[in-house]
There are 2 protein chains.
Amino acid sequence: MTIKDIARISGCSVSTISRVINDRPDVRPETKEHVLKVMREAGFTPNTNARQLKIQQSRSLVFVVKGARNLFFSDFLVQLQRAATLYGYNGIVSYLDENANEIDAAEKILREIKPKGIIFLGGSVSNFQNGFANITVPSVLATLVSNELNFPNLSMVGVDDRAAARTAVAHLIAQGHSKIAVLGGPATSYPSRMRRLGAQDAMENAGLTFDDKLYGLSNYDFESAYHAMNSLLARRAEFTALFAMSDVIAFGAIRALVSAGCRVPEDVSVIGFDGITMSRYCVPVMTTIVQPSEQIALQSIELLVRQIEHGAPAQTVTLQPELQQGESVCPCRRRFESV
Amino acid sequence: MTIKDIARISGCSVSTISRVINDRPDVRPETKEHVLKVMREAGFTPNTNARQLKIQQSRSLVFVVKGARNLFFSDFLVQLQRAATLYGYNGIVSYLDENANEIDAAEKILREIKPKGIIFLGGSVSNFQNGFANITVPSVLATLVSNELNFPNLSMVGVDDRAAARTAVAHLIAQGHSKIAVLGGPATSYPSRMRRLGAQDAMENAGLTFDDKLYGLSNYDFESAYHAMNSLLARRAEFTALFAMSDVIAFGAIRALVSAGCRVPEDVSVIGFDGITMSRYCVPVMTTIVQPSEQIALQSIELLVRQIEHGAPAQTVTLQPELQQGESVCPCRRRFESV
DNA sequence: CTGTTAGCGCTTTCAC
DNA sequence: GTGAAAGCGCTAACAG
């Protein structure tokens with residue numbers, strides 16, 4: 001079933017059919033109506049390949065996800081898909097390993113799929129600095145805002161990681177905690193670095209010093225967090241509170257704490273980051289910094305579409321996270337001899 | 001940059017280039033080498049649209065996911081993606097609403113993307129009975145095995161839901177529980193129906209009767225489970241154990257139980273289903289029936305590829321689930337006056 | 001082994 | 001308003 005068949009059946013030419021398909025104004029309403037009817041009855045769908053071969057571009061957006069095990073991204077992807085559909089685009093997800101190069105991957109995708117735009121979920125600032133200049137399609141870096149990145153076709157949407165982390169740690173300090181462990185990614189990860197700086201800010205503001213020995217390196221998955229916390233415990237690190245750079249990390253860490261006989265929050269208070277659905281249903285309910293994922297998704301798509309359709313310039317949008325007061329943080333009850 | 005340019009630069013014809021691209025044997029090794037070099041230097045990638053327009057099919061598989069909020073599927077998708085890549089296919093994910101018709105969606109996708117095969121994650125048996133006959137591409141229904149479905153191009157891979165549920169409930173009974181609540185989907189959902197029957201089997205084998213009042217209707221997401229358990233509690237249902245038809249449901253239910261002042265497992269034992277990553281890191285560690293998701297993913301792709309490339313007939317593969325002994329089940333300590 | 005050539009289904013000038 | 005016809009980049013006979 002091709003456009004030719006429809007032309008034959010409806011008694012007009014292929015160009016007319018094409019015009020109807022593309023909703024061009026220069027077709028007589030009755031003709032259009034008739035053609036539409038024939039198409040419907042024949043169950044005809046235009047061949048995407050032929051169309052794209054001709055016009056040299058698709059109606060799709062690609063979502064490049066770095067870190068498939070990160071539950072926050074799973075939650076987020078669903079929202080992105082929905083928003084894309086809303087704007088008449090179809091989203092294609094490309095999962096990348098946590099340590100893959102997202103720019104290389106994007107270049108490959110660009111050649112193969114020719115999407116109209118790309119949304120990166122997470123990514124490494126240095127990879128962008130090194131290679132993004134070669135990418136010319138409208139793009140959005142979601143859940144990450146960095147002033148070290150400045151490309152005319154790269155919008156950024158996310159929360160201010162540093163400020164958010166500051167809020168998180170300040171909350172712990174307000175509860176009387178002064179020995180605060182932090183679990184998160186390496187300095188090469190921009191959000192991790194910012195969140196760490198934010199934690200540091202909060203401590204310094206309170207006259208405390210950030211103790212490197214209380215920093216545990218973890219990927220954004222359960223298992224890694226579990227091990228990171230175990231290492232911290234094995235080192236006999238002393239702390240009454242934990243700032244985890246994601247809910248998933250917090251969750252894995254809590255498991256390790258409980259296994260070691262620590263109660264949460266009685267012995268160790270824990271604050272997470274992200275506000276994934278699970279954080280509201282776990283025991284104890286997670287005290288966490290909630291990223292407005294729905295807004296981030298919507299904004300990302302909106303900016304992208306505006307860049308694509310109206311050539312709008314790239315923008316940076318910083319959204320406000322919110323503190324979710326759960327049950328995993330309580331006032332500090334313990335004092336250590338040594339300061 | 002097209003195949004023609006490469007032909008010009010390398011000094012041979014387009015067909016030779018095409019042969020090289022498709023790794024055909026009838027090209028002189030030196031020629032091939034040379035062409036490959038030219039392609040590399042020119043940074044050439046074949047145009048997928050042109051190729052697919054010509055050969056009338058793609059090298060992609062579509063994964064139709066019904067129930068985007070089901071964490072089990074998120075875990076599973078990553079594995080599917082990996083397996084697909086392993087076989088040289090690229091997987092495209094299509095998220096569907098929990099109550100969408102997956103067959104209609106598949107037909108649309110088929111026309112638009114022309115994938116070589118489809119893998120359905122979850123689905124409704126009756127939808128398949130009504131409409132799958134129209135679908136002729138190789139397909140696999142993953143995580144669901146039903147003898148009510150018999151199509152020459154539809155393989156099924158999953159666990160025996162009924163037997164698995166029987167194991168789960170038998171485990172509770174072995175711990176002395178006799179008042180067992182069950183949380184799961186409606187009878188229209190095949191896995192839910194089978195799991196319910198399995199639960200019933202186990203009870204009857206033990207001389208107990210399945211109490212409909214102890215059945216709570218829930219979707220496969222946290223929120224729904226939370227509410228379902230609350231309804232059960234509001235009705236003052238008496239039970240010492242819960243069989244949840246998924247870990248996500250178990251998780252949401254536990255949250256509701258704890259909020260109501262019940263301890264898990266001391267007051268209520270809980271057994272889940274699926275064995276998602278989270279189940280191993282939560283507190284208490286979930287006692288659950290682990291579906292071998294990696295195997296299911298691999299088998300699904302393997303069967304599909306075999307159907308696609310060798311015209312192999314559809315097969316039904318039943319894999320063995322495993323009981324993960326966690327901490328959410330303990331011996332029954334409570335007796336009720338009334339029997 | 002390699003080259004020539006006719007389309008795949010669609011869009012888009014350019015005529016009418 | 002509508003139609004005829006020239007490709008988009010590639011594959012696959014077919015011919016050599």
Side-chain angles (χ1 to χ4, degrees), chain A residues 1-39 42-60 88 90 108-116, chain B residues 1-39 42-60 88 90 108-116 137 309:
Chain A
M1 181 63 55
T2 81
I3 200 178
K4 263 186 184 162
D5 298 303
I6 302 297
R8 194 171 28 74
I9 300 172
S10 65
C12 37
S13 74
V14 288
S15 23
T16 302
I17 311 299
S18 175
R19 289 191 183 98
V20 171
I21 291 173
N22 294 286
D23 209 24
R24 288 268 152 49
D26 53 349
V27 181
R28 197 152 49 96
E30 300 93 85
T31 315
K32 182 172 176 179
E33 204 56 48
H34 175 224
V35 171
L36 245 25
K37 182 157 164 281
V38 171
M39 294 203 314
F44 168 79
T45 320
N47 181 314
T48 323
N49 285 314
R51 172 201 215 111
Q52 288 178 17
L53 170 58
K54 189 65 195 176
I55 62 181
Q56 299 291 18
Q57 54 175 333
S58 64
R59 183 98 186 152
S60 48
N90 65 319
K108 183 155 171 280
I109 288 165
L110 238 30
R111 284 193 301 258
E112 288 177 358
I113 318 206
K114 305 203 197 325
K116 284 229 178 180
Chain B
M1 180 63 57
T2 80
I3 199 177
K4 266 186 181 162
D5 298 304
I6 302 297
R8 195 171 28 74
I9 300 172
S10 65
C12 33
S13 75
V14 288
S15 31
T16 303
I17 311 299
S18 175
R19 288 189 183 101
V20 170
I21 291 173
N22 294 286
D23 209 24
R24 289 268 157 40
D26 53 350
V27 181
R28 197 154 49 98
E30 299 93 85
T31 314
K32 181 172 176 179
E33 204 56 47
H34 175 224
V35 170
L36 245 26
K37 182 158 164 280
V38 171
M39 294 202 317
F44 168 78
T45 321
N47 181 315
T48 323
N49 285 313
R51 173 201 214 107
Q52 288 178 18
L53 170 58
K54 187 65 195 176
I55 62 180
Q56 297 292 18
Q57 54 174 332
S58 62
R59 183 95 186 153
S60 48
N90 64 318
K108 182 155 171 283
I109 288 166
L110 238 29
R111 284 194 302 258
E112 288 177 357
I113 318 205
K114 306 205 197 320
K116 283 230 181 182
V137 299
E309 296 177 3

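Protein chains get the first letters and strands the later ones, always in sequence-line order, with residue 1 at the start of each. We use all heavy atoms of the structure for the numbers below, so side chains are in, but hydrogens, waters and symmetry mates are not.
- Considering only side-chain atoms of A:Ile55, the nucleotide from D:dT2, C:dT11, D:dT11 that sits closest is C:dT11.
- As a whole-Å value, the separation of B:Ile17 CD1 from D:dG9 C1' is 13 Å.
- Here the closest non-hydrogen pair linking A:Ile3 and A:Ile21 is CD1-CD1, 4.2 Å.
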* Asked: Does the side chain to side chain contact (heavy atoms under 4.5 Å, CB included) test come out yes or no for B:Asn47 and B:Thr2, once each step is laid out?
  -> CA-CA 8 Å; B:Asn47 181 315; B:Thr2 80; over 6 Å; no

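- In the set D:dC10, C:dT2, C:dC10, the nucleotide with an atom closest to the side chain of A:Asn47 is C:dC10.
- Between the CD1 atom of B:Ile6 and the P atom of D:dC10 there is a distance of 9 Å, given to the nearest Å.
- The shortest distance between the side-chain N/O atoms of A:Gln56 and the OP1/OP2 oxygens of C:dT11 is not below 4.0 Å.
- Here C:dC10 is the nucleotide among D:dC10, D:dT2, C:dC10 with the atom lying nearest to any side-chain atom of A:Ile3.
- Closest to the side chain of A:Val27, from the set C:dC8, C:dT11, D:dT2, is D:dT2.
- The two atoms that bring A:Asn22 and A:Arg51 nearest to each other are OD1-NH2, 2.7 Å, heavy atoms only.
- When side chains are defined from C-beta on, A:Ile6 counts as touching A:Met1, because their heavy atoms get closer than 4.5 Å.
- Contact of the B:Lys32 side chain with the B:Asp23 side chain is registered, since non-hydrogen atoms from C-beta on lie closer than 4.5 Å.
- Side-chain proximity of A:Pro46 to the nucleotides C:dC10, D:dC8, C:dC1 is greatest for C:dC10.
- Note on the helix from C:dC1-D:dG16 to C:dC16-D:dG1: angle between the axes of the first and last five pairs equals 30°, rounded to 10 degrees.
- For D:dG3, the base has a donor-acceptor partner in the side chain of A:Ser15 [N/O atoms by modelled type, under 3.5 angstrom].
- Side chain of B:Arg19 to main chain of B:Asp26: no donor-acceptor pair is present (N/O by atom type, distance under 3.5 Å, no hydrogens or angles).
- C:dT12 atom P lies 11 Å from atom CG of A:Asp26, rounded to whole Å.
- In this structure, the separation between CD on B:Gln52 and OG1 on A:Thr48 is 9.5 Å, given to the nearest 0.5 Å.
- Proximity of A:Thr2 to the phosphate of C:dG9: no side-chain N or O atom is located under 4.0 Å from OP1 or OP2.
- A:Arg24 places its CZ atom 12 Å from the C1' atom of C:dC10, with the value rounded to the nearest Å.
- A sub-4.0 Å separation between OP1 or OP2 of D:dG3 and a side-chain N or O of A:Thr16 is present.
- Between the C1' atom of D:dT2 and the NZ atom of A:Lys32 lies a distance of 16 Å, rounded to the nearest Å.
- If you take NZ of A:Lys4 and C1' of D:dA5, they are 11 Å apart, rounded to a whole angstrom.
- B:Lys116 and B:Val137 get closest at one heavy-atom pair: O-CB, 4.3 Å.
- Remark: B:Glu33 CD is loosely packed, at most 12 non-hydrogen atoms of other residues, nucleotides or ligands lying under 6.0 Å away.
- OP1 or OP2 of C:dG9 has not a single side-chain nitrogen or oxygen of A:Arg51 nearer than 4.0 Å.
- With hydrogens and angles ignored, a donor-acceptor pair closer than 3.5 Å exists between the side chain of A:Lys54 and the base of D:dG7.
- Atom pair B:Glu33:CD and C:dC1:C1' shows a separation of 17 Å (rounding to whole Å applied).
- Looking at heavy-atom distances under 4.0 Å, B:Asn22 makes contact with sugar-phosphate atoms alone, never a base.
- The side chain of B:Arg19 approaches C:dT2 more closely than any other nucleotide in the set D:dC10, C:dT2, C:dT12.
- Of all nucleotides listed (C:dG9, C:dG3, C:dC10), C:dG9 comes nearest to the side chain of B:Leu53.
- For B:Gln52, no side-chain nitrogen or oxygen approaches OP1 or OP2 of C:dG9 to under 4.0 Å.
- C:dG9 atom C1' lies 8 Å from atom CZ of A:Phe44, rounded to whole Å.
- Nearest nucleotide to the B:Arg28 side chain, out of C:dT11, C:dC1, C:dG3: C:dC1.
- For B:Thr31, a side-chain nitrogen or oxygen approaches OP1 or OP2 of C:dT2 to under 4.0 Å.
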